[in-house]
Amino acid sequence: MLAAGGLALSSAALIVACLLAGRYPSPGFLDPRRLFSDPTAFAVVFSSRLPRLAGALLLGAMLGASGNAFQMVFGNPLVEPGFLGVSQGAALGAALALAAGATSELAVMGAAFLLAILALAAAAFLARAFAFGGWILRVILAGFAVSSFMAAGLAMVKYSADPLRELPDIVYWTMGSLSGLGWRRLAIASVPALASLGFLYAFRWRITVLSADEAVTSSLGAKPALERAAALAVASAGVASVVAMAGVVSWIGLVIPQAARLITGSDARRSMPASIVLGALFAAVCDTLARALLPGELPLGAVTAAIGSIVFALLLLRGKVRVSR
Amino acid sequence: MQAMFTAKSFNRLAALAALGILLAATVSAQTAPRAPRSTVIGGKAVVMVADIVYAFPEARPTVLAVAGTDQGLGSFLQTVDPSFPSKPALDRSAGAEVYAALKPDLVILKASMKKSLGAQLDALGVRSLYLNLETPNDYYRDISALGAAFGAAGRADELAAYYRGIVERTQAPTGAAGARKAPRVLVVQSSLAAREAFDVPPKSWMQSILVGLAGGDPVWFGANPGEGWGRVGFEQIAAWNPDVLIVIDYHETVDATVAALRKDARFKALACGKSGKILGFPQDWYSWDQPDTRWGLGLLWLAKALRPAEFVRLDLAAEAREFYRLFYGFDAASFDRMVLPRLKGDYALDK
């Protein structure tokens, strides 16, 4: 109980620190007293940093939770939530919208979400249609094929995009960023993401069962094929919504579940909430760095990749990358 | 006798000299590239290339095909050349074979295209000309190269003189007259999330050069060390607290973006918001900040925006009228009918 309280307090302190860190009025931490005397400081914190921080928390929580679900269901610590083609699909959707001259953020988000779901549906269809290997292998192969197809489409759109008008937006989007996130875009992404998070949290004990071998899973009364498909579809839909909001942000869904399982063990009843909290905090810290480190914004995906890859290497060096069945 | 000999020798010498000149001219005609009779303008950033090529009346009738030149606000060149809509519109990413298939005498591209297309065009025997068009000095060189290519050196001198004249007119005063504090300027391209994230140009780009030439202090230098647009957030803008915020919009008319920023309470609290200096960069078919032929107009506008007391009498609409006359042959009626209604942004600086 004491440990949980301490954890909650340190999480809250970290979130407040993220809210106060930035470039205004000078690089570093803003003196909270300034909020009462400087209207610009108030606007910076509550209109600019706060929606962005909330977005980072949602993004990290969603990617952490879905990453944990994917790794548990596949029994493979190297899969991540975008691997069914969802991230690449969303990237292609956004790129197509931008190349078509879309200026509304809703249009870009909508196109990203639509193609992410389309990629998921295509992967599901191919996994069922492939006449090769067991279901895990088929899903992996289907995800690989769909991801590659979407990546090829993205490359073609980027190649033919106008370098002055369209290409910078597309490149920036594919590297992930919460820059420019306002309450409206956050609210739109929150609905499916929170629904997906709620489902994964409520379903976490079942995910532990699904991570077991086929025979064990069936003997425990589960319908493995149906329940695994449901868990993956809901997790992917949640990922699609946050990717549509923030662009492609890699490594959180790969590394955070492993760190969470290192702390809590493999049982999803504990590793799922830990993945949600750790993912949220990790994304918040990374986005604060992306926003505050240099005068120009760093792409969030680059920051998560830089830190995530170091964490991943450390976990591998210590032999901690695994999913216990 | 002496006089006769001299006259004979002189006649011989004159005949020999004439023969020499004739031979030299023949050899020269065989080796020097003749003015192209068919030209293709393509590649990425084609707008800048096409607009300067079309400023040469000698080049216009030779143009066979052009890559898409619409940046979102319409295609300008069809107002200059009535046959423009019937010309094949190439893809901006077209490969060397597409150009070769048109069998042009000359392909004109942005210099950045040389890496991907240069060797292939050479291998296919297609003559090419690459233009940098990134800085005022590039413009002087590239205009001269176009003049040489189309046998229009006089026209090239005329166009270069126009730009040199503008740079001289806008030069910030030195000494006591120039001792005033340069206004702190921020130039941003509005992004997709127009009021929340903004892109700043790198130091080497025309936008940055123009602010320096116009006497502004560009606050964003150092924020974008790259070669493309770099993103900054509102809080960095607040930390810079610029005296003048200049907004560029390539996607659509800039007025809506500027109006939204002027209404935004956060921007109202900044120095630029308090002094009413949130300005939309003028645009017609294209925004005037780019290394397009309109950069001279962009520089004049910036000078007036940043040093209004020195340019009280500068009439930007009149300057635009002169630009369209000189570069594209628009008479007053054509300008009033086609250009004037398109002028957007704070071109008049009357607020």
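The sequence lines fix the lettering, A, B, ..., with proteins before strands; numbering per chain opens at 1.
For B:W240, the part lying near chain A is the side chain, with the backbone staying farther off; criterion is any non-hydrogen pair under 4.5 Å.
Closest approach of B:P242 and B:V185 over heavy atoms only: CB-C, 4.5 Å.
Applying a 4.5 Å heavy-atom cutoff, the residues of residues 49-63 of chain A that approach chain B are A:R49.
Salt bridge status for B:D199 with B:R231: present, with a side-chain N to carboxylate O gap under 4.0 Å. Under the 4.0 Å criterion applied to side-chain N and carboxylate O atoms, B:R262 and B:D346 are assigned as salt-bridge partners.
Chosen from B:A239, B:A269, B:P225, the residue pairing most often with chain A at heavy-atom distances under 4.5 Å is B:A239. Between chain B and the residues A:P39, A:S160, A:P295, A:A41, the largest count of heavy-atom pairs under 4.5 Å involves A:P295. Counting heavy-atom pairs closer than 4.5 Å to chain A, the top residue among B:S112, B:G222, B:A45, B:A223 is B:A223.
Using a 3.5 Å distance cut-off with no hydrogens or angles, the side chains of B:S287 and B:D289 do pair a donor with an acceptor.
Here the side chain of B:D142 pairs a donor or acceptor atom with the backbone of B:L133 at under 3.5 angstrom.
Note that B:R266 lies in the cation-pi zone of B:F234, set by a 6.0 Å cut-off to the ring centre and a 45° limit from the axis. With B:F267 as the aromatic partner, B:K274 does not meet the cation-pi criteria of under 6.0 angstrom to the ring centre and within 45 degrees of the ring axis.
Applying the ring pair (Phe, Tyr, Trp, His ring centres under 6.0 Å) rule to A:F42 yields the partners A:F46; only residues at least two apart in sequence or on another chain are considered.
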